Amino acid sequence: RDDASGSAWQQRSRRPRPADLTAGLGPYDAAAALEAFFRSDRFVYDRDVDYRQRADPLLAFLQEGRGFCQQFATAYASMARAAGLPARGA
């Protein structure tokens, strides 16, 4: 992890970093900002994607903006943790 710019997927994804999305917000508002990011038109719910053969499935989801519940949940939890919010995938 690069403490100046976040994890590798954040550096490569060309998507806003969690800190950019949650800057100056309290925990509740930061969580809501991340939710709004994933509900925006940048992402499409698509049950037919298959990232299993990709070297970094999370990065593929963030770059392509298509996925289903597994990708959305993993990405949300990862970004929430990067923003300092307690989160985990279950």
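This is a predicted model, so every value here is computed, not measured.
No side-chain heavy atom of Q71 sits under 4.5 Å from any side-chain heavy atom of L58. Taking the side chain as every heavy atom from C-beta outward, L85 and Y28 never approach each other to under 4.5 Å. Side-chain contact between R66 and Y51: present, with at least one pair of heavy atoms (C-beta onward) separated by less than 4.5 Å. Contact annotation: the side chain of L21 approaches that of M79 to within less than 4.5 Å [non-hydrogen atoms, C-beta and beyond]. Counting only heavy atoms from C-beta outward, the side chains of D46 and F68 never approach each other to under 4.5 Å.
Ring orientation note: the planes of F38 and F61 are close to parallel, at an angle under 30° on the 30°/60° scale.
The six-membered or imidazole ring of Y76 lies away from that of F37, with a centre-to-centre distance of 6.0 Å or more.
Using a 4.0 Å cut-off between a side-chain N of Lys or Arg and a carboxylate O of Asp or Glu, R42 and E64 do not qualify as a salt bridge.
A pairwise comparison of heavy atoms in A75 and L62 identifies CB-CD2, 4.2 Å as the closest pair. Closest heavy-atom contact between L25 and A33: CD1-CB, 3.8 Å. Across every non-hydrogen atom of G89 and A77, the tightest pair is N-CB, 4.0 Å.
A distance-only check finds no donor-acceptor pair linking the side chain of R54 to the backbone of A60 [under 3.5 Å]. Side-chain N or O atoms of D29 include none that pairs as donor or acceptor with a backbone N or O of G26 at under 3.5 Å.
Rounded to the nearest 0.5 Å, atoms CZ (F72) and CD (E35) are 11.5 Å apart. Residue L34 holds its CG atom at 11.0 Å from OG of S78, rounded to the nearest 0.5 Å.
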